[in-house]
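By convention in this document, chain letters (A, B, ...) are assigned in the order of the sequence lines, proteins followed by strands, and residues within each chain are numbered from 1. These numbers come from the heavy atoms of this one structure, side chains and all, not from hydrogens, waters or symmetry mates.
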Number of protein chains: 2
Amino acid sequence: MSSADTKEKLLAAALQTLTEQGIAKTSARTVAATAGVAQGLVFYHFGSVAELLAAACRYGAEQRVAHYRPRLAQVTSLAELLVFARAMHEEEKAGGHVAFLGQLLAGAQTQSALAPATSAGLDLWIEEIEKVLGRVLASSPVGEFTDPEGLARAVAAAFIGLELYEGVDPSGADAAFGALEQLAGLVAVLEELGPVAQRAVRHQLRRKTQRS
Amino acid sequence: MSSADTKEKLLAAALQTLTEQGIAKTSARTVAATAGVAQGLVFYHFGSVAELLAAACRYGAEQRVAHYRPRLAQVTSLAELLVFARAMHEEEKAGGHVAFLGQLLAGAQTQSALAPATSAGLDLWIEEIEKVLGRVLASSPVGEFTDPEGLARAVAAAFIGLELYEGVDPSGADAAFGALEQLAGLVAVLEELGPVAQRAVRHQLRRKTQRS
DNA sequence: GTCTATACATGGATAGAC
DNA sequence: GTCTATCCATGTATAGAC
């Protein structure tokens, strides 16, 4: 078998094991078994389990971002973004293709070799989210008075948190998404205000910004 | 040694190991070593590693919520809540006393024995957050048009996500908290609008709510 | 009732076979 | 260059000593 083939199999198997077994049960043995290759190949091809996981993170994050990118590109309002988030969440419940990021995030807390790759994987998402937020909030006071990059980072981290929460309390996670949708609706209202109210809001915001 | 003593040691050691070593490296051996007791005692006192972790989760969550409760009780505005969140985040960077919830959340995804305990531990936080949000948002349109319990769940899950994110990208997490503070300031502005603008906002919200 | 010694499974890593 | 056989550390669990 070609080197590229085996590597690819191991990368895919690493992601699958990570989502299905969790970081605690993800080992060279379990991944190799899933890939259908010998256990030693993990070390031959990647040097260590951590390096395999780091590579798998890059591989998987690129794949998933590419998968969702076209749909994200069509989002033109905050309400649509929340609809997308909910749909993506539903897809994740079935397939769990982003869940591996939660597992890596947990693993990276204490295994420093995983941190850069996990951060880089998340950055792919953050970049996309930032683009969408920039577009969606451009016409709103929110876009004017918040840091879009920081907001994108908060959204990405929060989404992973919610995905993890889904695993222990599905109905609770559902309620959380519902509340966020209501909140998004509230922000959207700011855009639909009449000109007088709009100016009042912006005026207050400017005062507030100067004060702090 | 009394049974209660050994159990207490194991519970504390489980939390410490979970935060310092992560779920992947938390085993009967590592926890017992930290506790300074024999490894087999984990199984004698708790039956299995998962049950020990579940018990430790209850134990730790109660402790931490009790630790922060007095300060949460003094929060009277959304801005103050964000100041508290940032302060708690800083404390966590140093001590990492809530980090174990992130590790358990990751572990619970695939080890169903952990899910109920983790969910229950989070619920202690959610309950407190809900109280605070109810108080803080009572005078705001946000309180009127969102489900406070769902919002509290979203906040708790998002906070855990941000704590995990901090572990792989501290400056990114800082930017995320900064953006959320700006966002909170924006919501606070709604409360400071003049009566005319207030009514315009509420009117739009009512229309919006009826439509959806 | 409390704990220790021991059995056996799984994991990481590599020397050397093909 | 690719893979297998094997070593030793670490993991879970329990039989039986105190």
To the nearest angstrom, the CD-C1' distance between B:Gln111 and D:dG11 comes to 13 Å
From CG of B:Asp5 across to C1' of C:dG1 the rounded distance in Å is 15 Å
Pair up each side-chain donor or acceptor in residues 32-39 of chain B with any protein partner under 3.5 Å, not counting sequence neighbours, and list the distances.
from: B:Thr34; atom 1: OG1; to: B:Thr17; atom 2: OG1; distance (Å): 3.4
from: B:Thr34; atom 1: OG1; to: B:Thr30; atom 2: O; distance (Å): 3.0

Donor-acceptor contacts, no H, no angles, side chain residues 103-112 of chain A, under 3.5 Å, sequence neighbours left out:
from: A:Gln103; atom 1: OE1; to: A:Ile23; atom 2: N; distance (Å): 2.8
from: A:Gln103; atom 1: NE2; to: B:Ala106; atom 2: O; distance (Å): 2.8
from: A:Gln109; atom 1: NE2; to: A:Leu105; atom 2: O; distance (Å): 2.9
from: A:Gln109; atom 1: NE2; to: B:Leu164; atom 2: O; distance (Å): 2.5
from: A:Thr110; atom 1: OG1; to: B:Gln21; atom 2: O; distance (Å): 2.9

Among side-chain atoms of B:Glu91 and B:Tyr68, is any donor-acceptor pair under 3.5 angstrom? yes
State whether A:Thr6 places a side-chain N or O below 4.0 Å from either non-bridging phosphate oxygen (OP1 or OP2) of D:dC3.
yes
So, with a heavy-atom separation below 4.0 Å from DNA chain C, the residues of residues 99-108 of chain B are none
Applying side chain to side chain contact (heavy atoms under 4.5 Å, CB included) to B:Val75 and not counting sequence neighbours gives B:Glu80, B:Leu81, B:Phe84, B:Val132, B:Arg135, B:Val136
Side-chain heavy-atom pair A:Asp169, B:Arg153 within 4.5 angstrom cut-off
yes
When rounded to whole Å, the NZ to C1' distance for the pair A:Lys9 and D:dC3 reads 13 Å
Original post:
If you measure only the distance, is there a donor-acceptor pair under 3.5 Å linking the side chains of A:Glu166 and A:His89?
Top reply: yes
N/O donor-acceptor pairs under 3.5 Å from side chains in residues 49-65 of chain A, not counting sequence neighbours:
from: A:Glu51; atom 1: OE1; to: A:Ser48; atom 2: OG; distance (Å): 3.2
from: A:Tyr59; atom 1: OH; to: A:Glu8; atom 2: OE2; distance (Å): 2.8
from: A:Arg64; atom 1: NH2; to: A:His67; atom 2: ND1; distance (Å): 3.3

Reading nucleotides 4-14 of chain C from 5' to 3' and marking B where a protein heavy atom lies under 4.0 Å of the base, S where only the sugar-phosphate is that close, and - otherwise, the string is B-B----BBBB
Separation of D:dG11 atom P from B:Leu53 atom CG, nearest Å, is 13 Å
Ignoring backbone atoms, establish whether B:His45 has a side-chain N or O less than 4.0 Å from OP1 or OP2 of C:dC3.
yes
B:Ile126 and B:Ala152 have their tightest heavy-atom pair at O-CB, 3.7 Å
Here the distance between atom P of D:dA13 and atom CZ of B:Phe46, to the nearest Å, is 15 Å
